[in-house]
Every structure is written in structure tokens, then in C-alpha cells.
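Contents: one structure, followed by commentary.
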Amino acid sequence: MSLSDQAKSVLRATAPAVGAALDEIAPLFYDRLFAAHPELLRDLFNRGNQAQGDQPKALAGSIVAFAGLALAGDEDRYGAVLDRIAHKHASLGVTAELYSVVHEHLFAAIAQVLGEAVTPEVASAWTELYWLMAGELIARERGLYDAARVAPGEVWREARVAARALESADVVSLELVDPSGAGLPAFLPGQYVSVQVALPDGARQIRQYSLAGGTSEGSWRLGVKRVRGEAGAPDGEVSNHIYENVFEGDLVRVSIPAGELVLDRSDRPLVLVSAGIGCTPIMGMLHALAAERSERSTTVLHADRALSTHAYRAELADLVGQLPNGRLWTWYQSLDGSRRGALSGLMDFDAVDVAPDAVAYVCGPTPFLGYAVSALTAKGLSEADVRYEVFGPLAALVAA
């Protein structure tokens, strides 16, 4: 995968200007895109993130970030970024045709904002970069569809809710089974699926939920936290719909399992780090380790607001307890008095020994992720051995 020398020269000269203009380019791009294709906002893009302004920089920002990585020749890093995006797209059923639609409206927005600065040479260089990135993503997505034995974009199926449990005040788990009894597809520990729900206004919004394990052969278990709007942000449309309306016996529309953040199968020490609902992929990994009676050194660190908000708290302790070389540390911002095995305050990596040859997984909101990744690399882990999942918009994931 390479750019022409001419494109590299132009991109180096213009990337700062394009990056600086993203605050103008991104909203204009989405305005144009949704005016021409309102079904994309209704049935594909996350309307909540659009309303908050978190998502509009994601796609334009990813192209600028990819330009920097491609110019630096950092194949490992941009390969990892593309894999993340491809898995997300495959879970949504994105097909190659969408890339042409995006190209049309994104480059029109760039031209409108930058005006005469977008010469034919500049347009050609950025177009070359875009289709280089798009071609790589289309190829990766095709590979994921082939592996799942589905046609491109044909990712959706119905699953029946066999059981529902309240894991904390705001988190429910749903055990899903195939209505025919044939069993749902296998998944890798750490993966997620998309769930599509029909909302009262006719929209079919999609969100991703980690597979926190399977409680019987051929079943999936999802952990869903209802999102309560804070600081003027709206409540989560899909999470609240599921929390309030989806119960035993109901059918839900789900995609193929996806996600590249999967459990390492070597015998290296493991460090599993999570905050809040970021515990769900970690739970999937721990279920797999416990089922295998793994003797790997496994250090599990979790941070939460309070004991009452910690979903899967007892189950987490039980799973770690089943591992001969498992250790569990938990921190709570609000902890009245002392409690065995629980610490008060924020996660403190200074209190934990981490083997320098360990592989670490970090899952949680963006601010926590940045802190945890920095702390783990400071303790001697290489950047390649600190793997993470952002529970938030893809823009943060791409820029990380």
C-alpha cells in the first residue's frame, strides 16, 4: 500500500490546513450527506453522537490521521487503525457503494471550505489518499464478510431473548438464542455485535454491545447500559429503548460478531483493565479463561463509580477466583468505609505489579483509556502490547 511521490509531497504541504479546517469541513460534510441521503442518519449513523457533535469529526479526522500514518510509513499502526474501522463497518453492514457516496460529499465540503486552495493537484492527492484508504477498508470488510459466510452487507439476523437480568441499576444483560434452535454463530472473546432497534419515529438505529459471554451452547450474552444524558446531552436512544422495552421472548435484530480486540492465546501474562461498562469485553475474556481452566498469570483491574454501579461485580470476582493465577483489584470513587478487596478512589497502577512481558487489554471511556494506556507503558509494557477498546465515538478511536 503506497502513495505516489507527487501525492506525498502535496499531502505533506496541505495536511495542516485540512486538519485545521476540520471544525468547518466535518459539519458541512454531514449536512450535505444527510440532505442527499436522509436514510443514512435515520438508519446507520448514530443520531445521538451527531447531536452532541462528537461524531461529525470522525470520518474527516480519520482521513487526516491516516495521511499522517501513511506518510510516516507506519504500516503496523495504520493497519491496526484500518482493522478497527473495518470491523466496525462490517458489524454495521457497510458496503463498497457507500465509499463513493461519502467521497462525493466529503470532497465537496473540503472544496467549499478551502476554496481556491484546493487546486487540481491538491484534489488529486487527497483523492488518491482517500481511495487508498477506502480500497484497504473494502478489502478488509470483504474478508470479514467471507469469514462470516455472508454476502457483503447481509449481516442481520433475528435472535430471541431467552433471559434478561439486572446487573446493576443501569445495566441489563440479555441472553440471546437463535429462534430456530440452531445456535448463534461462534464468537471470539472480546468481540461485539450490533443491535438494530425500531424507534417510535420509524428510525432503525444501531449500536454495538460487547459479548460478555454465552450462558449456554450457541447463545450470546450482551451487557447493555442505559445512557443517561449529562451536561445537556440527550439520553441514549437505543440503550434506553432496550432497557425499557426488550424482555424475555422478544426478538431483536443483531449483526455478525466483530471486533479485532480479542483474547491473546499465548501463555504470556495478562492484564485486563476496565472502567464502568467497559467491563463487558473483559467478562467475555474471563469466561473463556475460566472455561479453559487457564493457568496464565491474569491480573484484573476494574474501576467504577460505586459498588452499586458495578455491573457483574460478584460474577467478576467468581471468575477471577476460578483462575489459579488470577488476581483482582477494584477501585470505587464512592466507597463508604472499608470493604475487603475494594479500594477507594481512582485506579492506581502504582499499587499493582505488572510483568514487563504481559499483554494488556484496556476497555472504557476515552479519558480513562488515555490514563490507563500511559500508566501501563510507563510500567514497561510496549505500545504494541497495550491493546484497547474505546467506549465512545470512533473519532477518538481513530486518533488514538
Are [X] and [Y] close enough for a salt bridge, meaning some N to O gap below 4.0 Å?
X      : Y      : result
Arg226 : Asp170 : yes
Arg47  : Glu237 : yes
Arg164 : Asp250 : no

Contacts of [X] that satisfy ring-ring contact (aromatic ring centres under 6.0 Å, His included) - sequence neighbours left out:
X      : value
Tyr371 : Phe349
Phe34  : Tyr30, Phe45
His310 : His302, Tyr332

Test side chain to side chain contact (heavy atoms under 4.5 Å, CB included) applied to Ser308 - qualifying residues, sequence neighbours left out
Ala306
Qualifying residues under side chain to side chain contact (heavy atoms under 4.5 Å, CB included), relative to Ser9, sequence neighbours excluded
none
Starting from the C-alpha separation in whole Å, work towards a yes-or-no answer on side-chain contact (heavy atoms from CB on, under 4.5 Å) for Glu315 and His287.
CA-CA 10 Å; Glu315 185 177 329; His287 271 285; 2.6 Å; yes
Which residues pass the salt bridge (Lys or Arg N to Asp or Glu O under 4.0 Å) test with [X], not counting sequence neighbours?
X      : value
Arg157 : Asp178
Asp5   : none
Asp83  : Arg140

Would you please say whether a donor-acceptor pair under 3.5 Å links the side chains of Glu260 and His87?
no
If we count only N and O atoms by modelled type, under 3.5 Å, do the side chains of Gln196 and Arg204 hold a donor and an acceptor together?
yes
Indicate, with yes or no, if the rings of Phe29 and His105 have centres closer together than 6.0 Å.
no
State yes or no: are the ring centers of Phe187 and Tyr192 separated by less than 6.0 Å?
no
Anything under 3.5 Å between a donor and an acceptor, one on a side chain of residues 351-364, the other on a protein residue two or more places apart or in another chain? List them.
unit_1, atom_1, unit_2, atom_2, d
Tyr361, OH, Val262, O, 2.9
Tyr361, OH, Asp264, N, 2.7
Tyr361, OH, Arg387, NH1, 3.3

Pairwise side chain to side chain donor-acceptor pair (under 3.5 Å) hits with a residue in residues 110-119, at least two apart:
Thr119-Glu121
Do the side chain of Gln205 and the main chain of Arg42 share a donor and acceptor less than 3.5 angstrom apart?
yes
Residues that Glu167 engages under side chain to side chain donor-acceptor pair (under 3.5 Å), provided they are two or more places apart:
Ser173
Who clusters with Leu144? Use side-chain heavy atoms, under 4.5 angstrom, across I, L, V, M, F, W and Y, and order the result by chain and number.
none
